[in-house]
Number of protein chains: 2
Amino acid sequence: MTSVISLAARANGKTLGTRNSRPGANPVRCHTCAAKINGLCQHSTPGTMASMIQFRSGERAIAAGTDLFSIGKPANAIFTLVSGWAFLYQSLKDSRRQILHFALPGAVLGLLPGQAARAPYGAQALTDCVLCIIPHENLSPLSREVPEIGMRLSWLISHDLHLAFDHLTSVGRRSARERVTHLLLELFVRYRGQWPGNRIDELYLPLTQQHVGDAVGLTAVHVNRILRKLREDGVIEFNYRHLRILDPDKLIDVSGLDPQLVISWVRK
Amino acid sequence: MTSVISLAARANGKTLGTRNSRPGANPVRCHTCAAKINGLCQHSTPGTMASMIQFRSGERAIAAGTDLFSIGKPANAIFTLVSGWAFLYQSLKDSRRQILHFALPGAVLGLLPGQAARAPYGAQALTDCVLCIIPHENLSPLSREVPEIGMRLSWLISHDLHLAFDHLTSVGRRSARERVTHLLLELFVRYRGQWPGNRIDELYLPLTQQHVGDAVGLTAVHVNRILRKLREDGVIEFNYRHLRILDPDKLIDVSGLDPQLVISWVRK
DNA sequence: AGCGCGAGATGACCTCGGTTATATCCCTTG
DNA sequence: CAAGGGATATAACCGAGGTCATCTCGCGCT
(Lines give C-alpha, C1' and ligand atoms only; values in the text may rest on other atoms or scores of the structure.)
Protein backbone atom coordinates (compact mmCIF):
# COMPACT_ATOMS: atom_id res chain seq x y z
CA MET A 1 0.00 0.00 0.00
CA THR A 2 1.36 3.34 -0.96
CA SER A 3 0.99 6.31 1.31
CA VAL A 4 -1.80 7.88 -0.69
CA ILE A 5 -3.87 4.73 -0.83
CA SER A 6 -3.70 4.48 2.92
CA LEU A 7 -4.52 8.16 3.20
CA ALA A 8 -7.51 7.73 0.95
CA ALA A 9 -8.65 4.79 3.00
CA ARG A 10 -9.39 7.22 5.77
CA ALA A 11 -11.35 9.40 3.44
CA ASN A 12 -14.83 8.83 4.71
CA GLY A 13 -14.02 9.48 8.33
CA LYS A 14 -14.77 12.57 10.31
CA THR A 15 -11.35 12.29 11.90
CA LEU A 16 -8.71 14.87 11.18
CA GLY A 17 -6.06 12.36 10.20
CA THR A 18 -2.34 12.91 10.28
CA ARG A 19 -0.90 16.28 11.05
CA ASN A 20 2.75 15.77 10.43
CA SER A 21 3.02 19.46 9.58
CA ARG A 22 2.17 22.03 12.18
CA PRO A 23 1.72 25.53 10.78
CA GLY A 24 5.02 27.32 10.82
CA ALA A 25 6.41 25.12 13.52
CA ASN A 26 8.48 22.11 12.52
CA PRO A 27 11.25 22.10 9.92
CA VAL A 28 9.87 22.29 6.41
CA ARG A 29 10.02 19.04 4.46
CA CYS A 30 9.85 20.56 1.02
CA HIS A 31 12.20 18.10 -0.65
CA THR A 32 9.64 15.29 -0.28
CA CYS A 33 6.58 17.43 -1.05
CA ALA A 34 4.36 16.68 -4.03
CA ALA A 35 4.93 20.24 -5.22
CA LYS A 36 8.63 19.46 -5.54
CA ILE A 37 7.88 16.38 -7.62
CA ASN A 38 5.29 17.73 -10.05
CA GLY A 39 4.07 21.12 -8.84
CA LEU A 40 5.19 24.69 -8.30
CA CYS A 41 8.54 23.75 -6.79
CA GLN A 42 9.58 21.31 -9.49
CA HIS A 43 13.11 22.00 -10.76
CA SER A 44 13.73 24.42 -7.93
CA THR A 45 17.29 24.70 -6.74
CA PRO A 46 18.02 24.71 -3.00
CA GLY A 47 18.48 28.47 -3.32
CA THR A 48 15.10 29.17 -4.86
CA MET A 49 13.46 26.74 -2.45
CA ALA A 50 14.79 28.86 0.38
CA SER A 51 13.28 31.98 -1.21
CA MET A 52 9.95 30.32 -1.70
CA ILE A 53 9.77 29.24 1.90
CA GLN A 54 10.12 32.91 2.84
CA PHE A 55 6.96 33.77 0.97
CA ARG A 56 4.69 31.01 2.14
CA SER A 57 2.71 31.63 5.26
CA GLY A 58 2.62 28.06 6.52
CA GLU A 59 0.74 24.82 6.17
CA ARG A 60 -2.75 23.76 7.11
CA ALA A 61 -4.48 20.43 7.66
CA ILE A 62 -8.05 20.03 6.42
CA ALA A 63 -10.52 17.27 7.29
CA ALA A 64 -12.23 15.23 4.59
CA GLY A 65 -15.57 16.74 3.63
CA THR A 66 -14.77 20.31 4.65
CA ASP A 67 -14.12 23.31 2.42
CA LEU A 68 -10.65 24.62 1.70
CA PHE A 69 -12.36 27.79 0.57
CA SER A 70 -15.98 28.59 -0.21
CA ILE A 71 -17.93 30.25 -2.98
CA GLY A 72 -18.32 33.96 -2.43
CA LYS A 73 -15.99 34.09 0.52
CA PRO A 74 -12.92 36.30 0.31
CA ALA A 75 -9.91 34.30 -0.83
CA ASN A 76 -6.48 35.74 -0.26
CA ALA A 77 -4.00 32.96 -0.84
CA ILE A 78 -3.11 30.17 -3.21
CA PHE A 79 -2.79 26.65 -1.90
CA THR A 80 -0.55 23.83 -2.96
CA LEU A 81 -2.08 20.49 -2.18
CA VAL A 82 0.72 18.72 -0.30
CA SER A 83 -1.27 15.55 0.23
CA GLY A 84 -4.84 14.29 -0.23
CA TRP A 85 -7.56 14.72 -2.85
CA ALA A 86 -9.86 17.69 -3.27
CA PHE A 87 -12.35 18.99 -5.81
CA LEU A 88 -13.51 22.36 -7.08
CA TYR A 89 -17.22 22.98 -7.50
CA GLN A 90 -19.95 25.50 -8.21
CA SER A 91 -23.51 25.23 -7.03
CA LEU A 92 -26.71 26.77 -8.30
CA LYS A 93 -29.54 28.02 -6.15
CA ASP A 94 -31.65 24.87 -6.37
CA SER A 95 -28.97 22.51 -5.08
CA ARG A 96 -27.70 21.57 -8.50
CA ARG A 97 -23.95 21.15 -8.21
CA GLN A 98 -21.20 20.94 -10.80
CA ILE A 99 -17.80 19.53 -9.94
CA LEU A 100 -15.24 21.43 -11.96
CA HIS A 101 -11.96 19.72 -11.24
CA PHE A 102 -10.38 17.01 -9.16
CA ALA A 103 -7.12 18.07 -7.55
CA LEU A 104 -4.35 15.64 -6.69
CA PRO A 105 -1.20 16.25 -4.64
CA GLY A 106 0.96 18.93 -6.21
CA ALA A 107 -2.00 20.89 -7.57
CA VAL A 108 -2.20 24.65 -7.12
CA LEU A 109 -5.62 25.96 -6.13
CA GLY A 110 -7.11 29.35 -5.48
CA LEU A 111 -5.41 31.64 -7.98
CA LEU A 112 -8.17 34.10 -8.82
CA PRO A 113 -8.53 35.97 -12.06
CA GLY A 114 -7.68 39.62 -11.69
CA GLN A 115 -7.76 40.86 -8.14
CA ALA A 116 -11.21 39.39 -7.49
CA ALA A 117 -11.42 39.25 -3.75
CA ARG A 118 -14.16 36.64 -3.72
CA ALA A 119 -13.85 33.05 -4.85
CA PRO A 120 -16.18 32.28 -7.78
CA TYR A 121 -16.10 28.59 -6.88
CA GLY A 122 -15.47 26.47 -3.83
CA ALA A 123 -12.99 23.72 -3.00
CA GLN A 124 -13.75 20.74 -0.81
CA ALA A 125 -11.47 18.05 0.60
CA LEU A 126 -12.30 14.50 -0.50
CA THR A 127 -9.78 13.05 1.91
CA ASP A 128 -7.88 14.63 4.74
CA CYS A 129 -5.55 17.15 3.11
CA VAL A 130 -2.45 19.15 3.90
CA LEU A 131 -2.05 22.52 2.21
CA CYS A 132 0.91 24.83 1.71
CA ILE A 133 -0.24 28.44 1.70
CA ILE A 134 1.12 31.42 -0.24
CA PRO A 135 -0.80 34.68 0.29
CA HIS A 136 -1.82 36.46 -2.88
CA GLU A 137 0.07 39.60 -1.92
CA ASN A 138 3.30 37.59 -1.84
CA LEU A 139 2.96 36.43 -5.42
CA SER A 140 4.37 39.52 -7.10
CA PRO A 141 7.38 39.82 -4.78
CA LEU A 142 7.97 36.08 -5.08
CA SER A 143 7.92 36.20 -8.85
CA ARG A 144 10.41 39.05 -8.83
CA GLU A 145 12.78 37.11 -6.61
CA VAL A 146 12.24 33.77 -8.38
CA PRO A 147 11.44 34.81 -11.95
CA GLU A 148 10.78 31.30 -13.27
CA ILE A 149 7.92 30.85 -10.81
CA GLY A 150 5.57 32.90 -12.97
CA MET A 151 6.01 30.67 -15.96
CA ARG A 152 5.75 27.52 -13.87
CA LEU A 153 2.50 28.76 -12.44
CA SER A 154 1.25 29.60 -15.94
CA TRP A 155 1.99 26.08 -17.10
CA LEU A 156 0.30 24.50 -14.11
CA ILE A 157 -2.84 26.55 -14.65
CA SER A 158 -2.85 25.96 -18.36
CA HIS A 159 -2.71 22.26 -17.53
CA ASP A 160 -5.84 22.66 -15.44
CA LEU A 161 -7.37 24.65 -18.28
CA HIS A 162 -6.68 21.79 -20.64
CA LEU A 163 -8.37 19.36 -18.25
CA ALA A 164 -11.35 21.71 -17.96
CA PHE A 165 -11.58 21.84 -21.74
CA ASP A 166 -11.60 18.04 -21.90
CA HIS A 167 -14.38 17.93 -19.33
CA LEU A 168 -16.27 20.50 -21.32
CA THR A 169 -16.27 18.44 -24.51
CA SER A 170 -17.15 15.42 -22.44
CA VAL A 171 -20.16 17.00 -20.80
CA GLY A 172 -21.19 18.89 -23.90
CA ARG A 173 -20.82 16.27 -26.57
CA ARG A 174 -20.30 12.77 -25.20
CA SER A 175 -22.87 10.13 -24.22
CA ALA A 176 -23.36 9.17 -20.59
CA ARG A 177 -21.35 5.99 -21.08
CA GLU A 178 -18.48 7.88 -22.66
CA ARG A 179 -18.50 10.53 -19.97
CA VAL A 180 -18.33 8.13 -17.06
CA THR A 181 -15.56 6.01 -18.56
CA HIS A 182 -13.70 9.14 -19.62
CA LEU A 183 -13.70 10.52 -16.10
CA LEU A 184 -12.73 7.30 -14.40
CA LEU A 185 -9.98 6.71 -16.91
CA GLU A 186 -8.70 10.23 -16.42
CA LEU A 187 -8.56 9.89 -12.66
CA PHE A 188 -6.93 6.50 -12.95
CA VAL A 189 -4.24 7.78 -15.30
CA ARG A 190 -3.60 10.94 -13.32
CA TYR A 191 -3.38 8.99 -10.09
CA ARG A 192 -1.01 6.47 -11.55
CA GLY A 193 1.07 9.21 -13.11
CA GLN A 194 2.07 10.25 -9.65
CA TRP A 195 3.83 6.97 -9.04
CA PRO A 196 5.77 6.28 -12.21
CA GLY A 197 6.27 2.63 -12.96
CA ASN A 198 3.05 1.73 -11.20
CA ARG A 199 1.30 -1.18 -12.83
CA ILE A 200 -1.80 -1.22 -10.68
CA ASP A 201 -5.20 -2.01 -12.17
CA GLU A 202 -7.08 -1.25 -8.98
CA LEU A 203 -7.32 1.87 -6.92
CA TYR A 204 -9.18 3.46 -4.06
CA LEU A 205 -11.00 6.47 -5.53
CA PRO A 206 -12.46 8.63 -2.76
CA LEU A 207 -15.65 9.42 -4.73
CA THR A 208 -19.29 8.45 -4.51
CA GLN A 209 -21.48 7.92 -7.57
CA GLN A 210 -22.99 11.29 -6.74
CA HIS A 211 -19.57 12.90 -7.17
CA VAL A 212 -19.16 11.21 -10.53
CA GLY A 213 -22.56 12.43 -11.62
CA ASP A 214 -21.89 15.97 -10.49
CA ALA A 215 -18.62 15.96 -12.39
CA VAL A 216 -19.99 14.72 -15.72
CA GLY A 217 -23.45 16.29 -15.63
CA LEU A 218 -25.57 13.22 -14.87
CA THR A 219 -27.80 12.07 -12.03
CA ALA A 220 -26.44 9.60 -9.53
CA VAL A 221 -29.24 7.25 -10.62
CA HIS A 222 -28.09 7.26 -14.18
CA VAL A 223 -24.43 6.92 -13.23
CA ASN A 224 -25.48 3.80 -11.37
CA ARG A 225 -27.21 2.42 -14.45
CA ILE A 226 -24.13 3.10 -16.56
CA LEU A 227 -21.84 1.47 -14.03
CA ARG A 228 -23.97 -1.63 -13.93
CA LYS A 229 -23.77 -1.91 -17.70
CA LEU A 230 -20.01 -1.39 -17.62
CA ARG A 231 -19.67 -4.11 -15.01
CA GLU A 232 -21.83 -6.50 -17.04
CA ASP A 233 -19.75 -5.71 -20.12
CA GLY A 234 -16.55 -6.48 -18.25
CA VAL A 235 -15.04 -3.03 -18.65
CA ILE A 236 -14.69 -1.64 -15.13
CA GLU A 237 -16.09 -2.03 -11.66
CA PHE A 238 -16.59 0.94 -9.36
CA ASN A 239 -18.23 0.19 -6.09
CA TYR A 240 -17.94 1.75 -2.68
CA ARG A 241 -14.99 3.86 -3.79
CA HIS A 242 -13.13 0.92 -5.18
CA LEU A 243 -12.24 1.19 -8.87
CA ARG A 244 -11.01 -1.83 -10.82
CA ILE A 245 -10.06 -1.81 -14.46
CA LEU A 246 -11.22 -5.10 -15.97
CA ASP A 247 -10.30 -4.49 -19.59
CA PRO A 248 -8.05 -1.48 -20.31
CA ASP A 249 -8.37 -1.70 -24.08
CA LYS A 250 -12.14 -1.90 -23.97
CA LEU A 251 -12.15 0.99 -21.53
CA ILE A 252 -10.19 3.26 -23.85
CA ASP A 253 -12.41 2.14 -26.70
CA VAL A 254 -15.65 2.87 -24.84
CA SER A 255 -14.45 6.26 -23.67
CA GLY A 256 -13.82 7.20 -27.28
CA LEU A 257 -10.39 8.57 -26.50
CA ASP A 258 -7.34 9.11 -28.59
CA PRO A 259 -4.79 7.02 -26.65
CA GLN A 260 -2.10 9.49 -27.68
CA LEU A 261 -3.81 12.19 -25.71
CA VAL A 262 -4.14 10.24 -22.49
CA ILE A 263 -0.59 11.05 -21.51
CA SER A 264 -1.33 14.75 -21.56
CA TRP A 265 -3.39 14.28 -18.41
CA VAL A 266 -0.26 13.69 -16.40
CA ARG A 267 1.41 16.83 -15.21
CA LYS A 268 5.12 16.78 -15.87
CA MET B 1 -19.85 52.20 -35.43
CA THR B 2 -16.82 51.21 -33.44
CA SER B 3 -13.86 49.60 -35.10
CA VAL B 4 -14.69 46.12 -33.89
CA ILE B 5 -18.27 46.27 -35.06
CA SER B 6 -17.11 47.24 -38.48
CA LEU B 7 -14.51 44.52 -38.37
CA ALA B 8 -17.13 41.99 -37.37
CA ALA B 9 -19.37 43.19 -40.16
CA ARG B 10 -16.92 41.67 -42.57
CA ALA B 11 -16.92 38.44 -40.66
CA ASN B 12 -18.67 36.16 -43.05
CA GLY B 13 -16.54 37.06 -45.99
CA LYS B 14 -13.78 35.04 -47.51
CA THR B 15 -11.82 38.24 -47.92
CA LEU B 16 -8.69 38.84 -45.94
CA GLY B 17 -9.75 42.20 -44.64
CA THR B 18 -7.43 44.89 -43.39
CA ARG B 19 -3.76 44.22 -42.93
CA ASN B 20 -2.55 47.30 -41.23
CA SER B 21 0.26 45.22 -39.77
CA ARG B 22 2.66 43.50 -42.08
CA PRO B 23 4.75 40.80 -40.37
CA GLY B 24 7.91 42.36 -39.05
CA ALA B 25 7.76 45.23 -41.47
CA ASN B 26 6.12 48.45 -40.36
CA PRO B 27 6.67 50.20 -37.03
CA VAL B 28 5.01 48.38 -34.16
CA ARG B 29 1.84 50.01 -32.84
CA CYS B 30 1.88 48.40 -29.43
CA HIS B 31 0.54 51.40 -27.54
CA THR B 32 -2.87 51.06 -29.21
CA CYS B 33 -2.94 47.24 -29.13
CA ALA B 34 -5.67 45.38 -27.24
CA ALA B 35 -2.93 43.57 -25.33
CA LYS B 36 -1.80 46.90 -23.92
CA ILE B 37 -5.33 47.70 -22.80
CA ASN B 38 -6.38 44.44 -21.17
CA GLY B 39 -3.87 41.73 -22.10
CA LEU B 40 -0.30 40.66 -21.61
CA CYS B 41 1.15 44.13 -22.05
CA GLN B 42 -1.17 45.90 -19.63
CA HIS B 43 0.74 48.07 -17.15
CA SER B 44 3.92 47.66 -19.15
CA THR B 45 6.34 50.54 -19.01
CA PRO B 46 7.96 51.79 -22.22
CA GLY B 47 11.08 49.93 -21.14
CA THR B 48 9.43 46.56 -20.70
CA MET B 49 7.47 47.09 -23.91
CA ALA B 50 10.76 47.42 -25.70
CA SER B 51 11.96 44.13 -24.20
CA MET B 52 8.78 42.35 -25.14
CA ILE B 53 9.05 43.49 -28.72
CA GLN B 54 12.46 41.82 -28.84
CA PHE B 55 10.94 38.46 -27.99
CA ARG B 56 7.99 38.47 -30.32
CA SER B 57 8.53 37.06 -33.77
CA GLY B 58 6.06 39.30 -35.58
CA GLU B 59 2.41 39.61 -36.47
CA ARG B 60 0.13 37.60 -38.68
CA ALA B 61 -3.21 38.25 -40.35
CA ILE B 62 -5.74 35.42 -40.48
CA ALA B 63 -8.88 35.19 -42.58
CA ALA B 64 -12.26 34.53 -41.01
CA GLY B 65 -13.06 30.83 -40.96
CA THR B 66 -9.48 29.58 -41.03
CA ASP B 67 -7.50 27.98 -38.21
CA LEU B 68 -4.95 29.86 -36.15
CA PHE B 69 -3.68 26.46 -35.12
CA SER B 70 -5.12 22.98 -35.46
CA ILE B 71 -5.70 19.99 -33.25
CA GLY B 72 -2.77 17.61 -33.22
CA LYS B 73 -0.50 19.90 -35.17
CA PRO B 74 2.73 21.04 -33.55
CA ALA B 75 2.27 24.39 -31.85
CA ASN B 76 5.33 26.40 -30.99
CA ALA B 77 4.17 29.87 -30.12
CA ILE B 78 1.60 31.78 -28.10
CA PHE B 79 -0.60 34.30 -29.83
CA THR B 80 -2.07 37.52 -28.61
CA LEU B 81 -5.25 38.38 -30.44
CA VAL B 82 -4.61 41.96 -31.55
CA SER B 83 -7.97 42.31 -33.27
CA GLY B 84 -10.90 40.10 -34.25
CA TRP B 85 -12.83 37.24 -32.66
CA ALA B 86 -11.74 33.60 -32.51
CA PHE B 87 -12.81 30.41 -30.76
CA LEU B 88 -11.12 27.31 -29.39
CA TYR B 89 -12.64 23.93 -30.13
CA GLN B 90 -12.24 20.17 -29.95
CA SER B 91 -13.85 17.71 -32.28
CA LEU B 92 -14.64 14.04 -31.91
CA LYS B 93 -14.33 11.45 -34.64
CA ASP B 94 -17.98 11.54 -35.71
CA SER B 95 -18.07 15.27 -36.42
CA ARG B 96 -19.34 16.22 -33.00
CA ARG B 97 -17.70 19.51 -32.07
CA GLN B 98 -17.37 21.35 -28.78
CA ILE B 99 -16.50 25.03 -28.68
CA LEU B 100 -14.38 25.61 -25.61
CA HIS B 101 -13.86 29.33 -25.49
CA PHE B 102 -14.53 32.53 -27.37
CA ALA B 103 -11.51 34.81 -27.57
CA LEU B 104 -11.76 38.59 -27.86
CA PRO B 105 -9.01 41.10 -28.60
CA GLY B 106 -6.30 40.98 -25.96
CA ALA B 107 -6.69 37.25 -25.34
CA VAL B 108 -3.64 35.00 -25.16
CA LEU B 109 -3.99 31.70 -27.00
CA GLY B 110 -1.83 28.66 -27.49
CA LEU B 111 0.01 28.25 -24.21
CA LEU B 112 0.30 24.49 -23.92
CA PRO B 113 0.53 22.55 -20.69
CA GLY B 114 4.02 21.21 -20.12
CA GLN B 115 6.13 21.06 -23.22
CA ALA B 116 3.45 19.26 -25.20
CA ALA B 117 4.50 19.82 -28.78
CA ARG B 118 1.04 19.14 -30.18
CA ALA B 119 -2.04 21.25 -29.66
CA PRO B 120 -4.83 19.34 -27.86
CA TYR B 121 -7.40 21.70 -29.33
CA GLY B 122 -7.75 23.96 -32.32
CA ALA B 123 -8.42 27.67 -32.74
CA GLN B 124 -10.43 29.18 -35.54
CA ALA B 125 -10.96 32.79 -36.56
CA LEU B 126 -14.58 33.99 -36.45
CA THR B 127 -13.68 37.27 -38.10
CA ASP B 128 -10.51 38.37 -39.81
CA CYS B 129 -7.88 38.49 -37.09
CA VAL B 130 -4.47 39.93 -36.42
CA LEU B 131 -2.14 38.00 -34.13
CA CYS B 132 1.02 38.94 -32.28
CA ILE B 133 3.31 35.93 -32.01
CA ILE B 134 5.72 34.95 -29.24
CA PRO B 135 7.53 31.64 -29.79
CA HIS B 136 7.37 29.22 -26.88
CA GLU B 137 11.14 29.10 -26.59
CA ASN B 138 11.20 32.83 -25.94
CA LEU B 139 8.91 32.61 -22.94
CA SER B 140 11.51 31.63 -20.37
CA PRO B 141 14.04 34.26 -21.46
CA LEU B 142 11.26 36.84 -21.64
CA SER B 143 10.06 36.08 -18.14
CA ARG B 144 13.61 36.41 -16.84
CA GLU B 145 13.99 39.81 -18.44
CA VAL B 146 10.46 41.00 -17.57
CA PRO B 147 9.69 39.15 -14.34
CA GLU B 148 6.11 40.40 -13.98
CA ILE B 149 5.14 38.81 -17.28
CA GLY B 150 4.86 35.36 -15.71
CA MET B 151 2.30 36.48 -13.17
CA ARG B 152 0.37 38.48 -15.76
CA LEU B 153 0.20 35.42 -17.94
CA SER B 154 -0.94 33.33 -14.97
CA TRP B 155 -3.75 35.74 -14.27
CA LEU B 156 -4.87 35.82 -17.87
CA ILE B 157 -4.99 32.05 -18.07
CA SER B 158 -6.73 31.73 -14.73
CA HIS B 159 -9.32 34.13 -16.11
CA ASP B 160 -9.86 31.77 -19.03
CA LEU B 161 -10.00 28.90 -16.56
CA HIS B 162 -12.72 30.67 -14.65
CA LEU B 163 -14.71 31.15 -17.86
CA ALA B 164 -14.23 27.49 -18.71
CA PHE B 165 -15.52 26.55 -15.26
CA ASP B 166 -18.60 28.68 -15.80
CA HIS B 167 -19.23 27.00 -19.13
CA LEU B 168 -18.80 23.64 -17.48
CA THR B 169 -21.51 24.26 -14.91
CA SER B 170 -23.67 25.66 -17.66
CA VAL B 171 -23.36 22.65 -19.91
CA GLY B 172 -23.42 20.18 -17.03
CA ARG B 173 -26.24 21.52 -14.92
CA ARG B 174 -28.30 24.19 -16.64
CA SER B 175 -31.34 23.86 -18.88
CA ALA B 176 -31.13 24.67 -22.57
CA ARG B 177 -32.82 28.01 -22.02
CA GLU B 178 -30.43 28.93 -19.25
CA ARG B 179 -27.41 27.86 -21.27
CA VAL B 180 -28.25 29.91 -24.32
CA THR B 181 -29.06 33.07 -22.37
CA HIS B 182 -25.99 32.56 -20.21
CA LEU B 183 -23.70 32.39 -23.21
CA LEU B 184 -25.22 35.34 -25.03
CA LEU B 185 -25.15 37.42 -21.88
CA GLU B 186 -21.54 36.49 -21.28
CA LEU B 187 -20.47 37.47 -24.77
CA PHE B 188 -22.45 40.67 -24.56
CA VAL B 189 -20.87 41.66 -21.26
CA ARG B 190 -17.36 40.70 -22.30
CA TYR B 191 -17.72 42.59 -25.55
CA ARG B 192 -19.04 45.68 -23.86
CA GLY B 193 -16.32 45.46 -21.24
CA GLN B 194 -13.85 46.28 -23.93
CA TRP B 195 -15.37 49.69 -24.48
CA PRO B 196 -15.98 51.06 -21.00
CA GLY B 197 -18.90 53.39 -20.78
CA ASN B 198 -20.63 51.68 -23.64
CA ARG B 199 -24.38 51.63 -23.24
CA ILE B 200 -25.23 49.62 -26.31
CA ASP B 201 -28.08 47.10 -26.23
CA GLU B 202 -27.36 45.75 -29.67
CA LEU B 203 -24.31 44.13 -31.09
CA TYR B 204 -23.00 42.23 -34.07
CA LEU B 205 -22.00 38.81 -32.77
CA PRO B 206 -20.07 36.91 -35.43
CA LEU B 207 -21.69 33.55 -34.54
CA THR B 208 -24.22 31.25 -36.16
CA GLN B 209 -26.78 29.27 -34.18
CA GLN B 210 -24.58 26.27 -34.86
CA HIS B 211 -21.72 27.97 -33.02
CA VAL B 212 -23.99 28.67 -30.07
CA GLY B 213 -25.10 25.04 -30.01
CA ASP B 214 -21.57 23.73 -30.19
CA ALA B 215 -20.58 26.00 -27.32
CA VAL B 216 -23.38 25.02 -24.94
CA GLY B 217 -23.84 21.38 -25.92
CA LEU B 218 -27.09 21.61 -27.90
CA THR B 219 -28.16 21.04 -31.49
CA ALA B 220 -28.60 24.00 -33.77
CA VAL B 221 -32.22 22.94 -34.14
CA HIS B 222 -32.86 23.20 -30.46
CA VAL B 223 -30.97 26.46 -30.16
CA ASN B 224 -33.34 27.79 -32.79
CA ARG B 225 -36.37 26.63 -30.78
CA ILE B 226 -35.00 28.31 -27.65
CA LEU B 227 -34.28 31.53 -29.50
CA ARG B 228 -37.80 31.64 -30.87
CA LYS B 229 -39.19 31.29 -27.37
CA LEU B 230 -36.86 33.99 -26.06
CA ARG B 231 -37.98 36.30 -28.86
CA GLU B 232 -41.64 35.58 -28.14
CA ASP B 233 -41.02 36.22 -24.45
CA GLY B 234 -39.40 39.56 -25.23
CA VAL B 235 -36.03 38.68 -23.73
CA ILE B 236 -33.56 38.81 -26.61
CA GLU B 237 -33.41 38.54 -30.37
CA PHE B 238 -30.52 36.85 -32.12
CA ASN B 239 -30.80 36.57 -35.84
CA TYR B 240 -28.25 36.52 -38.60
CA ARG B 241 -25.49 37.44 -36.19
CA HIS B 242 -27.39 40.37 -34.83
CA LEU B 243 -27.98 40.26 -31.06
CA ARG B 244 -30.40 42.61 -29.39
CA ILE B 245 -31.14 42.70 -25.68
CA LEU B 246 -34.86 43.41 -25.28
CA ASP B 247 -35.12 43.12 -21.51
CA PRO B 248 -31.84 43.05 -19.55
CA ASP B 249 -33.46 42.24 -16.21
CA LYS B 250 -35.47 39.38 -17.62
CA LEU B 251 -32.33 38.14 -19.37
CA ILE B 252 -30.34 37.98 -16.16
CA ASP B 253 -33.29 36.32 -14.49
CA VAL B 254 -33.72 33.68 -17.16
CA SER B 255 -30.02 32.87 -17.24
CA GLY B 256 -30.18 32.18 -13.52
CA LEU B 257 -27.11 34.26 -12.84
CA ASP B 258 -25.86 35.99 -9.77
CA PRO B 259 -25.59 39.57 -11.07
CA GLN B 260 -22.62 40.10 -8.78
CA LEU B 261 -20.65 37.54 -10.70
CA VAL B 262 -21.28 38.99 -14.12
CA ILE B 263 -18.55 41.55 -13.69
CA SER B 264 -15.96 38.82 -13.23
CA TRP B 265 -16.31 38.01 -16.92
CA VAL B 266 -14.54 41.19 -17.84
CA ARG B 267 -10.79 40.92 -17.84
CA LYS B 268 -9.16 43.77 -16.01
C1' DA C 1 -23.12 -8.71 17.53
C1' DG C 2 -26.30 -5.58 16.28
C1' DC C 3 -27.79 -0.79 14.89
C1' DG C 4 -28.29 2.99 11.90
C1' DC C 5 -27.25 5.70 8.08
C1' DG C 6 -25.29 6.97 3.94
C1' DA C 7 -24.33 4.82 -0.53
C1' DG C 8 -25.82 1.95 -3.95
C1' DA C 9 -29.55 -0.62 -6.87
C1' DT C 10 -33.58 -0.78 -9.57
C1' DG C 11 -38.12 -0.29 -11.73
C1' DA C 12 -42.00 2.77 -13.75
C1' DC C 13 -42.86 6.67 -15.91
C1' DC C 14 -42.02 11.08 -18.18
C1' DT C 15 -39.71 15.00 -20.44
C1' DC C 16 -36.24 17.58 -22.59
C1' DG C 17 -33.74 17.79 -26.26
C1' DG C 18 -32.01 14.99 -30.47
C1' DT C 19 -33.09 13.40 -35.31
C1' DT C 20 -34.79 13.84 -39.75
C1' DA C 21 -36.89 16.18 -43.29
C1' DT C 22 -38.30 20.13 -45.73
C1' DA C 23 -39.12 24.86 -46.54
C1' DT C 24 -37.72 29.69 -46.40
C1' DC C 25 -34.72 33.46 -45.85
C1' DC C 26 -30.69 36.39 -46.46
C1' DC C 27 -26.38 37.61 -48.17
C1' DT C 28 -22.78 37.12 -51.46
C1' DT C 29 -21.08 36.56 -56.01
C1' DG C 30 -21.34 36.52 -61.06
C1' DC D 1 -30.39 41.49 -60.77
C1' DA D 2 -30.58 36.63 -60.76
C1' DA D 3 -28.63 32.53 -58.93
C1' DG D 4 -26.81 29.75 -55.35
C1' DG D 5 -25.51 28.34 -50.94
C1' DG D 6 -25.28 28.82 -46.22
C1' DA D 7 -28.20 30.11 -42.24
C1' DT D 8 -32.54 29.97 -40.17
C1' DA D 9 -37.34 28.06 -39.31
C1' DT D 10 -40.46 24.49 -38.09
C1' DA D 11 -42.95 20.20 -37.70
C1' DA D 12 -43.21 15.06 -36.48
C1' DC D 13 -41.26 11.60 -34.12
C1' DC D 14 -38.14 9.34 -30.92
C1' DG D 15 -34.98 8.08 -27.25
C1' DA D 16 -31.41 9.14 -23.70
C1' DG D 17 -31.45 10.45 -19.44
C1' DG D 18 -34.21 12.62 -15.46
C1' DT D 19 -37.62 11.90 -11.59
C1' DC D 20 -39.68 9.51 -8.04
C1' DA D 21 -40.27 5.82 -5.07
C1' DT D 22 -38.60 1.96 -2.72
C1' DC D 23 -35.40 -1.46 -1.43
C1' DT D 24 -30.80 -3.38 -0.19
C1' DC D 25 -26.13 -3.24 1.02
C1' DG D 26 -21.84 -2.15 3.43
C1' DC D 27 -19.43 0.29 6.72
C1' DG D 28 -18.57 2.70 11.06
C1' DC D 29 -20.08 2.89 15.71
C1' DT D 30 -21.54 1.19 20.17
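What you are looking at is a predicted structure, and each value in this text was computed from that prediction instead of being measured.
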- Message: Heavy atoms from C-beta onward define the side chain here; which of C/dG17, C/dA9, D/dT19 lies closest to that of A/Val221?
- Response: D/dT19

- Strand-adjacent residues in residues 168-178 of chain A, judged by heavy atoms under 4.0 Å from DNA chain D: A/Ser175, A/Ala176

- Query: Any idea which of D/dA7, D/dA11, C/dA9 is nearest the B/Arg228 side chain?
  - Reply: D/dA11

- Message: Can you tell me whether the side chain of B/Tyr240 and the base of C/dC27 have a donor-acceptor pair closer than 3.5 Å?
- Response: no

- If we fit an axis to the first five pairs and another to the last five of the helix from C/dA1-D/dT30 to C/dG30-D/dC1, what angle do they make, to the nearest 10°? 50°

- Task: Grab the CZ-P distance between B/Arg241 and D/dG6 for me, whole Å please.
- Result: 12 Å

- When you check the gap from the basic side-chain N to the acidic O, do A/Glu237 and A/Arg231 get nearer than 4.0 Å? no

- Using a 4.0 Å heavy-atom cut-off across all strands, classify A/Gly213 as base, sugar-phosphate, or nothing. nothing

- Message: If you only use heavy atoms from C-beta on, which nucleotide in D/dT8, D/dA11, C/dA9 is closest to the side chain of A/Asn224?
- Response: C/dA9

- Note on the structure: Between A/Leu227 and B/His222, the residue closer to the 5' end of DNA chain C by nearest nucleotide is A/Leu227

- Rounded distance (Å) that lies between atom P of D/dA16 and atom NZ of A/Lys229: 11 Å

- Rounded to whole Å, CZ of B/Arg96 lies from C1' of C/dG18 at a distance of 13 Å

- Which class fits the ring pair A/Trp85 and A/Tyr191: parallel under 30°, tilted 30 to 60°, perpendicular over 60°? parallel

- Note on the structure: From NE2 of A/His211 across to C1' of C/dA7 the rounded distance in Å is 11 Å

- Mark yes or no for a side-chain to base donor-acceptor pair under 3.5 Å between B/Arg225 and C/dG18, with no hydrogen or angle criteria applied. yes

- Is the B/His159 ring parallel, tilted or perpendicular to the B/His162 ring (thresholds 30°, 60°)? perpendicular

- Is B/Arg177 salt-bridged to B/Asp233, cutoff N-O under 4.0 Å? yes

